[in-house]
Amino acid sequence: MKRQVRTRFAPSPTGYMHIGNLRTALYEYLVAKSMGGKFILRIEDTDQERLVEGATDVIYNTLKLCGMHHDEGPDIGGPYAPYVQSERKDTYKPFAEELVEKGHAYYCFCTKERLDQLRTECEAKNETFMYDRHCLSLSKAEIEEKLKSGVPYVIRQKMPREGVTSFEDAVYGTITIQNNMLEDQILLKSDGLPTYNFANVIDDHLMDITHVVRGSEYLSSTPKYNLLYQAFGWDIPVYIHLPLIIKPDGSKISKRKGDAGFEDLLKMGYLPEAIINYIALLGWSPDSNQEMFTLEELEKAFDITSISKSPAAFDIDKLKWFNAQYIRNMGPEEFHDLALPYLSEAVTNRNIDLKKVSKILQARTEVLTEIPSKVGFLNELCHYDLSIYVHKKMKTTLEIALSSLKAALSVLEETSEWTEEILHDKLINLAAKLEIKNGQMLWPVRTALSGWAVTPGGAIELADILGKDESVRRIKIGIERLEESL
RNA sequence: GGCCCCAUGGUCAAGAGGUUAAGACACGGCCCUUUCACGGCUGUAACAGGGGUUCGAAUCCCCUUGGGGUCACCA
């Protein structure tokens, strides 16, 4: 009988959701869900020096916003609790000691100073530093003595010096590494907490994780993990290493360089669904040509064998396109709800019906944050250059603009019912009556109404939104100014 | 630098010995049209280089080149 698939997302709480981490979480989620398994959240906070206040909330929030619900985790518990490594502090040491007894690990009392010195010496000689096994030769009595007198120590994994270690990766195939490349890595730190490498193996085993999904930066250290599994006599999980997500210039994404994390993208006006959809396709592709995927659709379509090996560049333009797709495909009410915070701040003119503004904005918005820059003309008519009345394609000149505005003004002033339909009929009919092109009427009106060369929506929509009084007032200003100049 | 991995248009990518080498983003053009968008149509653009294997290589092997990763009491 096959074990139930269990994957885990094991971020360390740094307060920043790296886009690569988010994709790792996504794939972990998809690997589990596509095979009817469980997705577990575990917090890896064994580095006491890097603790960040409120960082776990960022993690919960991100998963929630993206719709990736975990089956077990610190906040909801589960059969393998606790799910925070600092709360499992005491479980690691006995395992490390077990390894010492079995001869796969040993105590090391070397000071940081000695290690640093060794390191600089190596650098000077242009050699790669590797721990010199100084403490491996300590006698049992010496070790007892040091332990008893409380000398700080770490426990190191004893690596084989000869031979090779191979493992199978579901994405990269067989990977083989020379054992003499493996350092006697530290398992248990002097503060009593395990290193990531050790805690990871222990917890993955204890929590019955069947598939280990992580970035390809762990590829070369995986043999160390396997040696650990073997030393304990435990089953080795399925490894699924993921290609890195890089920046367009090929360098890696980093918080320090100010690269956008998940939260930053939200602030920039991107939708979680669009982000998920986009990053799902960075490193994985479906059998079909389908590009738009909901999370549920991804759960069905996802397949480990279609994960690619080469790094993918994060292309903000394509994300923007996905975002625009999601905006266009949603219902008008939903868009209005999303746009409202931006609109209510940007549109100070209280007479404006923001719902109507949303309507003309929906097909013209790619990211939410660009909304304010599109609606400023609604607040007030700014001084504009008359040259924008002249438009070659619309076949307008200052003279035509003036006569169109005059004709439009008299028609609009008599209009009592101010709706889009009526405005449309009146202005179109007027153009026909005057035997001019629609554009020769509507372009000048739109221009006079907005004072902008480019606006979301045309003359009729803007007139409707601005209302009769304001529309008439603005057209009169246009007429006045055109008359002055001619 | 040692070791590991990767290599199809500018970007994401399909392709798993025989294809006119898909599709998407971006870019250009045309159409629609009351500006801008949306939508529709369309164009430019790729197998890094060199050796093999084979009747035949984007597909398999080797080398070169390029890129990335990794070498912490970080995860």
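Proteins come first, then strands; the chains are lettered A, B, ... in the order of their sequence lines, and each starts at number 1.
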Describe the nucleic acid contact of A:Asn126 in one word from base, sugar-phosphate, nothing, applying a heavy-atom distance below 4.0 Å.
nothing

*Spell out yes or no: do the side chain of A:Arg364 and the base of B:C36 have one donor N/O and one acceptor N/O closer than 3.5 Å?*
yes

Check your understanding: What nucleic acid atoms does A:Met441 come within less than 4.0 Å of, heavy atoms only: base, sugar-phosphate, or nothing?
Key -> nothing

Across every strand shown, the nucleotide meeting Watson-Crick or G-U wobble geometry with B:C27 (both distances under 3.5 Å) is B:G43

B:U34 OP1/OP2 closer than 4.0 Å to side-chain N/O of A:Asn438:
yes

Using Watson-Crick geometry (N1-N3 plus N6-O4 or O6-N4) or G-U wobble (N1-O2, O6-N3), each under 3.5 Å, B:U54 is paired with none

Using Watson-Crick geometry (N1-N3 plus N6-O4 or O6-N4) or G-U wobble (N1-O2, O6-N3), each under 3.5 Å, B:G2 is paired with B:U70

Open item on the list: Checking side-chain polar atoms at under 3.5 Å, does A:Thr447 have a donor or acceptor matched by the opposite partner on A:His391?
Closed with: no

Worksheet entry | B:C71 phosphate, OP1 or OP2, under 4.0 Å from A:Arg119 side-chain N/O | no

Note to self: Once you apply a heavy-atom cut-off of 4.0 Å, does A:Thr195 come out as touching a base, just sugar-phosphate, or nothing?
What the structure shows: sugar-phosphate

### Message
Tell me whether A:Glu273 contacts the main-chain N or O of A:Thr294 through its side chain, where contact means a donor paired with an acceptor under 3.5 Å.
### Response
no

Residues A:Tyr326, A:Tyr270; criterion side chain to side chain donor-acceptor pair (under 3.5 Å); working and verdict: CA-CA 10 Å; A:Tyr326 276 88; A:Tyr270 292 93; over 6 Å; no

Looking only at B:U35, B:C73, B:C5, the nucleotide nearest the A:Val154 side chain is B:C73

Comparing nearest nucleotides in RNA chain B, the 5'-proximal residue of the pair A:Ile428, A:Trp284 is A:Trp284

- Quick one: label A:Glu183 by what it contacts on the DNA or RNA (base, sugar-phosphate, nothing), any heavy atom closer than 4.0 Å. sugar-phosphate

When A:Thr365 and A:Ala10 are each assigned the nearest nucleotide of RNA chain B, the 5'-most assignment goes to A:Thr365

### Query
What nucleic acid atoms does A:Gly283 come within less than 4.0 Å of, heavy atoms only: base, sugar-phosphate, or nothing?
sugar-phosphate

_With a 3.5 Å cut-off and heavy atoms only, can you find an N or O donor on one side and an acceptor on the other between the side chain of A:Thr128 and the base of B:G1?_
yes

inquiry  = With a 4.0 Å limit, can you tell me whether A:Thr14 has a side-chain N or O closer than that to the phosphate oxygens OP1/OP2 of B:A75?
reply    = no

In Watson-Crick or G-U wobble terms, with both distances under 3.5 Å, the base opposite B:A75 is none

Margin query: What's the gap between B:G67 and B:G51 when it is taken at their C1' atoms, as a whole Å value?
Written below: 22 Å

Among the nucleotides B:A72, B:C4, B:U34, whichever has the atom closest to the side chain of A:Met394 is B:U34

- prompt: Base, sugar-phosphate, or nothing for A:Gln178, non-hydrogen atoms under 4.0 angstrom?
  reply: nothing

Considering only heavy side-chain atoms of A:Asp315, the closest of B:C25, B:A13, B:C5 is B:C25

Expressed as a whole number of Å, how far does the C1' atom of B:G66 sit from that of B:A48? 7 Å

| said: Students often get this wrong, so: under 4.0 angstrom with heavy atoms, is A:Lys437 touching a base, only sugar-phosphate, or nothing? | reply: nothing

Q.
Measuring to OP1 and OP2 of B:C74, would you say a side-chain N or O of A:Lys189 lies under 4.0 angstrom away?
A. yes

_Over all strands shown, is A:Ile246 touching base, sugar-phosphate only, or nothing at heavy-atom distances under 4.0 angstrom?_
nothing

| Under 4.0 Å between a side-chain N/O of A:Lys224 and OP1 or OP2 of B:A72, yes or no? | no

>> Categorize A:Ala459 for me: base, sugar-phosphate, or nothing, with a 4.0 angstrom heavy-atom threshold over every strand shown.
In response: base

Using a 4.0 Å heavy-atom cut-off, does A:Cys110 contact any base of the nucleic acid, only the sugar-phosphate backbone, or nothing at all? base

Across every strand shown, the nucleotide meeting Watson-Crick or G-U wobble geometry with B:A7 (both distances under 3.5 Å) is B:U65

Discussion item. Parallel, tilted or perpendicular, judged at 30° and 60°: which one describes the rings of A:Phe109 and A:Tyr107?
Written reply: parallel

Across every strand shown, the nucleotide meeting Watson-Crick or G-U wobble geometry with B:U20 (both distances under 3.5 Å) is none

Quick one: label A:Tyr218 by what it contacts on the DNA or RNA (base, sugar-phosphate, nothing), any heavy atom closer than 4.0 Å.
base

The Watson-Crick or G-U wobble partner of B:C38, with both key distances under 3.5 Å, is none

Does the ring centre of A:Phe314 sit less than 6.0 Å away from the ring centre of A:Tyr278? yes

- Which part of the nucleic acid, if any, lies within reach of A:Ser12 when heavy atoms closer than 4.0 Å are counted: base, sugar-phosphate only, or nothing? sugar-phosphate

Does any donor atom in the side chain of A:Tyr196 or A:Asp47 lie under 3.5 Å from an acceptor atom in the other side chain? no

Winner on side-chain proximity to A:His391, out of B:U35, B:A13, B:C3, is B:U35

Of B:A72, B:A75, B:C4, the nucleotide closest to the side chain of A:Phe129 is B:A72

Quote, to the nearest angstrom, the C1' distance that separates B:U8 from B:A57. 14 Å

| Heavy atoms under 4.0 Å, any strand shown: does A:Ile186 hit a base, just sugar-phosphate, or nothing? | base

Check your understanding: Would you say the side-chain atoms of A:Tyr153 and A:Tyr106 include a donor-acceptor pair closer than 3.5 Å?
Key -> no

Polar side chain donor-acceptor pair, A:Tyr239 to A:Asn226, under 3.5 angstrom:
yes

Give a yes/no answer on whether the side chain of A:Lys112 brings an N or O atom under 4.0 Å of OP1 or OP2 in B:C73.
no

Quick check against the 3.5 Å criterion: does A:Asn379 have a side-chain atom that pairs as donor or acceptor with the backbone of A:Ala346?
yes

Q) Within the structure shown, what part of the strands sits under 4.0 Å from A:Thr176 by heavy-atom distance: base, sugar-phosphate, or nothing? A) sugar-phosphate

Which whole number of Å gives the distance between the P atom of B:A75 and that of B:G68? 26 Å

Testing B:U35, B:C6, B:C5 for proximity to the side chain of A:Lys309, the answer is B:C6

Among B:A26, B:A75, B:G69, the one nearest any side-chain atom of A:Trp321 is B:A26

